[in-house]
Amino acid sequence: MLQKKYRLKKYSAFIATYKNNHIVADDRICVYIGKEKTSDDVITKAAFVVSKKIHKRAVVRNRIKRLMRESFRLILKNNSFPNINKYISVICVAKNSAIDASFSDIDYSLKKNLSQIQ
RNA sequence: GAGAGCAUACGAACAAUCGCGUAUAGUAAUAUAUGAGGAAAGUCCGGACACCCAAGGGCAGAACGACGGAUAACGUCCGCCGAAGGCGACUUCAGGACCAGUGCCACAGAAAAGUAAACAACCGAUGAGGUUCAGGUGCAACGGUAGUGUAAAAGACUACAGGAGAUAUCGUGAGGUAUCUGCCGGGUAAACUCCGUUCGGGUGCAAGAUUGAAUUAAAGGAUAAGGUGACCCGCCGUCUUUAAAAAAAUCGCUUGAGCAUUAAGGUAACUUAAUGUCGAGACAGAUGAUUGUUUAGAAACAGAAUCCGGCUUAUGAUAUGCUCUCUUUU
RNA sequence: CGGGAUGUAGCGCAGCUUGGUAGCGCACCGUGUUCGGGUCGCGGGGGUCGCAAGUUCGAAUCUUGUCAUCCCGA
């Protein structure tokens, strides 16, 4: 789990990010990216979504969410993709094939997606 | 040794590094403590708690249904009775009433419930009338089997077992046992229904309480009519009051019919007392990642959302206790 | 947190109220018509009635539990 200041919270912020229509994806994870920052004071916020349509059990969904969070946390810590900091918000949505994936699989997919951001 | 019945335990542990929720301390950096389950699940019952209506009763409705107890309460639990199944340990049972009324019982069968038909038989006179077995049908045929009896027959009579009632006795009670009485016109209420018991009604923590900048002009209450099984909501008219609404924050929120141990009472469910103890509380929603060691092995079902008592369902590898039946050996 | 509906042949639906025979359309198979195909005519096959118990002589139908799918309200 990220610290509270890095979390995307508001319902309107989610809708605004989805409407921006800037998407990067592969077969496991789909990444929605928000608007560009106007000033450097704003912190980039992130959210992780696993739909109920992907799997019925809460345990499976929580597992995917936690793996994505852990991977994103390590990326933030090492600052390996500085392009993220140009944008306000990031939403990572898991897809159907993310079920039963290991940490290394999720980590590889997320890094591959984030590297495509300009 | 084989098979079976009942019940119980465990639900991986430790360490290092990087992280998250909450609490406490601190100006802060940070430090310390603590952090999912036996089902947290399904939401099938019962409560606590909160608000609105009503406060007296009835109708209607729903649930339940042998008996005695336990409990805050229950459709749950314990004990026990009866019935059914099993060689047995044991298991299962919505287990009140078709002498209040109404309905249904396909096919077959004379007939499926109405004081019961045709043929044969017998009495009679041949007619009217009276008595009535057996066979076969079917889940079920107006009591069963064997005999006595008679013109032929029939609980008309006898014996055996069954049901019902009465008396005696045992048990808190459901009921058990013994004796007596020919008293014996189907089944179905998980068909409508009747009887008894329980439930004030409704809404559910998004209940409900407090704070609140800018903005908007509406919101609440009372009364009468209509509608409804009933209540609530809603609509229209009149009167009256001045605050109200959405995003937001705080409270509700976790000390409770709590847990552990010991003792006492009780067949048991459970109750009482003493001592000790505090074990999640989020709000886009906290337990994760990597590595090492132990182990036969990083196993199953699965993630708290106001809180309790149950029920039901899902569940891996094993381990343990008691009991029953059969076989073999001593 | 609360409420409701559905499950029957490969597909879409009846039948359940009032329990005894499971049916309709399309699809499938055979056959006739045609030079051949379609259309049309005739005939035929195919269903543990979601699952498990119970009530009953007898259950798709009645009752209870359970599984799955879909919808609605706050």
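Predicted model only: the values in this text are computed from it and were never measured. The sequence lines fix the lettering, A, B, ..., with proteins before strands; numbering per chain opens at 1. When reading the values below, keep in mind they use all heavy atoms of this one structure, side chains included, and skip hydrogens, waters and symmetry mates.
Look at the P atom in both B:C139 and B:A166: the space between them is 38 Å, to the nearest Å. Spacing of P atoms, B:A113 relative to B:U197, comes out at 36 Å, to the nearest Å. Comparing B:C67 with B:A225, their P atoms are spaced 49 Å from each other, to the whole Å. Using atom P as the reference point in both B:C170 and B:C195, the two lie 38 Å apart (nearest Å). Nucleotides B:U295 and B:A314 are separated by 28 Å at their C1' atoms, to the nearest Å. For the P atoms, the distance from B:C49 to B:C308 is 16 Å, rounded to whole Å. Distance noted for atom C1' between B:A4 and B:U91: 13 Å (whole Å). Rounded to whole Å, the separation between the P atoms of C:U63 and C:U17 comes to 10 Å.
Each of A:I33, A:V31, A:I23, A:V49 was scored for a side-chain contact (heavy atoms from CB on, under 4.5 Å) with A:I91, with one residue passing: A:V49.
C:G43 is paired with C:C29 under the Watson-Crick or G-U wobble criterion, all donor-acceptor distances under 3.5 Å. Pairing for B:A280 is absent, with no Watson-Crick or G-U wobble pair whose two atom distances lie under 3.5 Å. Across all strands shown, B:G3 pairs with B:C324; the Watson-Crick or G-U wobble distances both stay below 3.5 Å. Figure legend. C:A5 is base-paired to C:U69; pairs are counted as Watson-Crick or G-U wobble with both atom distances under 3.5 Å. The partner of B:G144 is B:C160, judged by Watson-Crick or G-U wobble contacts that both fall below 3.5 Å. B:A166: Watson-Crick or G-U partner is B:U179, with both key distances under 3.5 Å. The partner of B:G221, taking Watson-Crick or G-U wobble pairs whose two distances both stay under 3.5 Å, is B:C239. In this structure B:A15 sits in a base pair with B:U291, meeting the Watson-Crick or G-U test at under 3.5 Å.
For the residue pair A:I64 and A:A94, the shortest heavy atom distance occurs at CG2-CB, 3.8 Å.
How far OG of A:S71 is from CG of A:L110: 4.5 Å, rounded to the nearest 0.5 Å. Within the model, atoms CD1 of A:I106 and CD of A:E70 stand 12.5 Å from one another, a figure rounded to the nearest 0.5 Å. Between A:Y108 atom OH and A:I29 atom CD1 the span is 12.0 Å, to the nearest 0.5 Å. Between A:D26 atom CG and A:Q116 atom CD the span is 8.0 Å, to the nearest 0.5 Å.
Using a 4.0 Å heavy-atom cutoff across all strands shown, A:A58 reaches sugar-phosphate atoms only and no base atom. Counting non-hydrogen atoms under 4.0 angstrom, A:L74 reaches nothing in the nucleic acid.
Remark on RNA chain B: of its neighbouring residues A:N62 and A:S104, the 5'-side contact belongs to A:S104, judged by nearest-heavy-atom nucleotide. Nearer to the 5' terminus of RNA chain B, by closest-nucleotide assignment, is the contact made by A:V49 (compared with the other of A:V59 and A:V49).
Annotated as anti: B:G204, whose O4'-C1'-N torsion sits more than 90° from 0. Nucleotide B:G38 carries a syn base; the chi torsion (O4'-C1'-N9-C4 or O4'-C1'-N1-C2) is within 90° of 0. Anti is the classification of B:U167, since its glycosidic angle lies more than 90° from 0. Taking syn as a glycosidic angle within 90° of 0, B:A36 qualifies as syn. Base orientation of B:G155: syn, since the glycosidic angle falls within 90° of 0.
Counting heavy atoms from C-beta outward, A:K65 and A:R69 have side chains that approach closer than 4.5 Å.
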TODO: Just do the side chain to side chain donor-acceptor pair (under 3.5 Å) check on A:S104 and A:D107 with the steps written out, would you?
DONE: CA-CA 5 Å; A:S104 55; A:D107 197 39; over 6 Å; no
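Taking only side-chain nitrogens and oxygens, A:R69 comes nearer than 4.0 Å to OP1 or OP2 of B:G285. In this structure, A:R66 reaches the B:U287 phosphate: one of its side-chain N or O atoms is under 4.0 Å from OP1 or OP2.
Atom CG of A:D105 is separated from atom P of B:A289 by 13 Å (rounded to the nearest Å). As a whole-Å value, the separation of A:M68 CE from B:G19 C1' is 17 Å. Between the C1' atom of B:C18 and the CD1 atom of A:I75 lies a distance of 15 Å, rounded to the nearest Å. Per the geometry, CG belonging to A:L67 stands 15 Å off C1' belonging to B:G303, to the nearest Å. Regarding A:R63, its CZ atom lies at a distance of 12 Å from the P atom of B:A300, rounded to whole Å. Atom CZ in A:F72 sits roughly 16 Å away from atom P in B:G19 (whole-Å rounding). Rounded to a whole Å, the CD atom of A:E70 is 6 Å from the C1' atom of B:G288. Put simply, CZ on A:R61 is 13 Å from P on B:A41, counting in whole angstrom units.
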